[in-house]
K.L.:
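Dumping the structure here so I can ask a few things about it.
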Amino acid sequence: MTQQLAVAPAPIRTAPAAAAAPHTATLGTAGLVTVLLGAFLPMLDFFIVNVALPTIDKDLAAGPAVLELVAAGYGITFAVLLVLGGRLGDTFGRRRLFVAGAVAFALTSLACGLAPDAWSLVAARAAQGASAALLIPQVLGTITAATDGARRGRALSVYGAVGGISVVIGQVLGGMLVAADLFGTGWRSVFLLNVPFALLAVVLAVRYVPESRASQAAAVDVPGTALLTASLLSLLVPLMEGRAAGWPLWSWVLLALFPVFATAFALVERRAEQRGATPLVPPTLLRIPEMRRGLGIALPYFAGFGGFMFVIAVALQQGMRLGVVAAGWALVPMAVGYFTASLSGPRLIGRWGSRVLSAGAVIQALGLATIAVTVLADADHFSPLRMAPGVALAGIGQGLIGTPLFRVVLSKVPAARAGVGSGVLATSQQASLALGVATLGTLYLSLSPSLGMGRALALCLGIQLLGSFTVLYLTTRLPRSIG
């Protein structure tokens, strides 16, 4: 990758779906707010359920394995269907799929909130993840197709900010809603809250979001879709469910099959494009340097971010014995730092380019190191107040990386491929978040009984620190100017 820095990107072949897109109306401010609302809700739901799980367990007698499915079912279906959701938007219209996805998200959120038993909740959460996979790619696809130049850059930066803020707010808001027990709904309110806002997004989308699509419909890549689904399932299911099930043989078999499915997927996609078909993930799309290098940054960044949020939440509640509300408020310094960095991000990027991401990686590393040193120095008196400086620094660093990252990845994607490019990015984001939760979360839960909360937390932070150094190195391979 580093040796190709000065090499011009390979030209993108024009398949039917990649032909020039028809003229699309510009996305105005009201339309941007609408699609960002549609993006905020699914991202929020990835993490808001975490703090409600103990209450769900008590109310529905779910048990640890079923609780894992409540959390994992959403993330798995979300991740495996995202690219397909982007392709459907390219084909049938991104506003149409946005509206359909928002309606489905409202209905499945209602089903979650009214679930009579644990297995009904698992099924509703999986369906909710599928509806989110219809919704999210249309947001990025619409921004990419209906904006250009500096406006597109600002819109993508705001999208990145919304993504990060939603994760932190999910932890805070989830605890507040469960504790408030609105109208006696308890944990159900974390799902029922989605319904009016998703329906509001539908109404606003019909009025303010322009329709866009690829100029010619492309057939669904059935072999590619099946192999991508098999690849993600073989990786995510054992990582997210293996610990709760005691790491049975099937979990190791699935992990062993992951590289087989992934290799088969890559070969099928390459051969499909060579014979003139339109693959689910066109290999030529990944040859765009900004797309390829941005996705390389996305993996360690989002994996670290997802793992950090999960491990900190568990450490606060189980290690420090904080309640759900107090544990949520302990992360407010991170939200403030992330939001502050996100607001200044577009202006800094215009002046300093990709150096902003490099600076973010350094600041994030300083924040993680500060938290680790603080907890190792005196784990018995570790508190939200003592961790605040490190958490705030980590939030600032994460905001400086996450805000421009979407802008980097999608900056050179042709408008006709906005849906598939957005689906690839969103899949990478969600799969990496789930991977971080599964790996760092499992490591912390396995080590904390023997090492104690302090050392286990510090070890996980040290691993994430290595991820920050990886992000720092990869940001130096980006072009200095970000479009």
K.L.:
Compare every heavy atom of V80 with every heavy atom of T229, then report the nearest pair and how far apart it is.
P.N.:
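The answer is OG1-O, 4.1 Å.
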K.L.:
Determine which pairs satisfy side-chain hydrogen bond (donor to acceptor under 3.5 Å, both in side chains) with at least one residue from residues 106-118, sequence neighbours left out, and list them in order.
P.N.:
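Qualifying pairs, neighbours excluded: T108-S131, S109-Q128, S109-N194, D117-S120.
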K.L.:
The test is side chain to side chain contact (heavy atoms under 4.5 Å, CB included); show your working for L443 and V311 and say whether it passes.
P.N.:
CA-CA 9 Å; L443 181 65; V311 169; over 6 Å; no
K.L.:
Taking the side chain from Y301 and the backbone from Q398, do they hold a donor-acceptor pair closer than 3.5 Å?
P.N.:
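A pair under 3.5 Å: yes.
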K.L.:
So, does S251 use its side chain to make a donor-acceptor pair with the main chain of P238 at under 3.5 Å?
P.N.:
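Not at all, since once roles are kept as given, no pair shorter than 3.5 Å links the two residues.
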K.L.:
Sorted by first residue and then second, give each salt bridge (Lys or Arg N to Asp or Glu O under 4.0 Å) pair with at least one member in residues 125-138; sequence neighbours left out.
P.N.:
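Sorted result for residues 125-138: D45-R125.
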K.L.:
With R386, which residues qualify under salt bridge (Lys or Arg N to Asp or Glu O under 4.0 Å), at least two apart?
P.N.:
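Counting only residues at least two positions away or on another chain, R386 forms a salt bridge (Lys or Arg N to Asp or Glu O under 4.0 Å) with D378.
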K.L.:
Start with the C-alpha distance between F183 and R188, add both sets of side-chain angles, then the distance that settles side chain to side chain contact (heavy atoms under 4.5 Å, CB included), and finish with yes or no.
P.N.:
CA-CA 10 Å; F183 307 107; R188 299 177 186 275; over 6 Å; no
K.L.:
Among residues at least two apart in sequence or on other chains, which ones pass ring pair (Phe, Tyr, Trp, His ring centres under 6.0 Å) with W119?
P.N.:
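With sequence neighbours excluded, W119 shows a ring pair (Phe, Tyr, Trp, His ring centres under 6.0 Å) to no residue whatsoever.
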K.L.:
So do the side chains of I396 and T340 get within less than 4.5 Å of each other, counting heavy atoms only?
P.N.:
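A side-chain contact is absent here, since even the closest heavy-atom pair is not under 4.5 Å.
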K.L.:
Closest heavy-atom contact between L134 and G101?
P.N.:
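So the two residues come closest at CB-CA, 4.0 Å.
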K.L.:
Go through the steps for M387 and L316 under the test side chain to side chain contact (heavy atoms under 4.5 Å, CB included), then give the verdict.
P.N.:
CA-CA 11 Å; M387 65 184 270; L316 290 171; 3.8 Å; yes
K.L.:
Kindly say whether A205 contributes a backbone atom to a donor-acceptor pair with the side chain of T34 at under 3.5 angstrom?
P.N.:
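Pair absent, no side-chain N/O of T34 close to backbone of A205.
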K.L.:
Quick check: does any side chain N or O of Q138 sit under 3.5 Å from a backbone N or O of G85, one acting as donor and the other as acceptor?
P.N.:
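The answer is yes, because a donor-acceptor pair under 3.5 Å joins these two groups.
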K.L.:
Does any pair with a residue in residues 325-344 pass salt bridge (Lys or Arg N to Asp or Glu O under 4.0 Å), and if so which ones, sequence neighbours excluded?
P.N.:
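Residue pairs with at least one partner in residues 325-344: there are none.
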K.L.:
Please round to the nearest 0.5 Å and tell me the distance separating atom CG of L461 and atom CZ of F308.
P.N.:
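Output value for this atom pair is 6.5 Å.
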K.L.:
Name all residues meeting the side chain to side chain contact (heavy atoms under 4.5 Å, CB included) criterion together with A365; count only those two or more places apart in sequence or in a different chain, and write none if there are none.
P.N.:
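If we apply the side chain to side chain contact (heavy atoms under 4.5 Å, CB included) test to A365, skipping adjacent residues, the hits are L465, S468, F469.
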K.L.:
With sequence neighbours left out, write down each residue that passes side chain to side chain contact (heavy atoms under 4.5 Å, CB included) with V253, or none if nothing qualifies.
P.N.:
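V253: side chain to side chain contact (heavy atoms under 4.5 Å, CB included) contacts with L249, L257.
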K.L.:
Listed by chain and number, what are the side chain to side chain contact (heavy atoms under 4.5 Å, CB included) partners of L295, not counting sequence neighbours?
P.N.:
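For L295 the side chain to side chain contact (heavy atoms under 4.5 Å, CB included) partners, ignoring immediate neighbours, are L286, M291, V409, V424, L425, S428.
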K.L.:
Any donor-acceptor pair under 3.5 Å linking the side chain of T263 with the backbone of V260?
P.N.:
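The answer is no, because no donor-acceptor pair under 3.5 Å joins these two groups.
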K.L.:
Run the side chain to side chain contact (heavy atoms under 4.5 Å, CB included) test against F339 and tell me which residues pass, sequence neighbours left out.
P.N.:
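Partners of F339 by the side chain to side chain contact (heavy atoms under 4.5 Å, CB included) criterion, ordered by chain and then number, come out as I165, L343.
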K.L.:
If the condition is ring pair (Phe, Tyr, Trp, His ring centres under 6.0 Å), which residues does W250 pass it with, not counting sequence neighbours?
P.N.:
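So W250 forms no ring pair (Phe, Tyr, Trp, His ring centres under 6.0 Å) with any residue.
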K.L.:
Is the side chain of S189 donor-acceptor paired with the backbone N or O of G186 at a distance under 3.5 Å, no angle test?
P.N.:
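Looks like yes, one N/O pair under 3.5 Å.
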K.L.:
Keeping R455 on the side-chain end and S450 on the backbone end, is there a donor-acceptor pair under 3.5 Å?
P.N.:
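Pair absent, no side-chain N/O of R455 close to backbone of S450.
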K.L.:
Do any pairs count as a side-chain hydrogen bond (donor to acceptor under 3.5 Å, both in side chains) and have a residue in residues 69-83, sequence neighbours left out, and if so which ones?
P.N.:
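Of all non-adjacent pairs touching residues 69-83, none passes side-chain hydrogen bond (donor to acceptor under 3.5 Å, both in side chains).
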K.L.:
Report the residues that fulfil side-chain hydrogen bond (donor to acceptor under 3.5 Å, both in side chains) with S358, sequence neighbours left out, ordered by chain and then residue number.
P.N.:
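If we apply the side-chain hydrogen bond (donor to acceptor under 3.5 Å, both in side chains) test to S358, skipping adjacent residues, the hits are T475.
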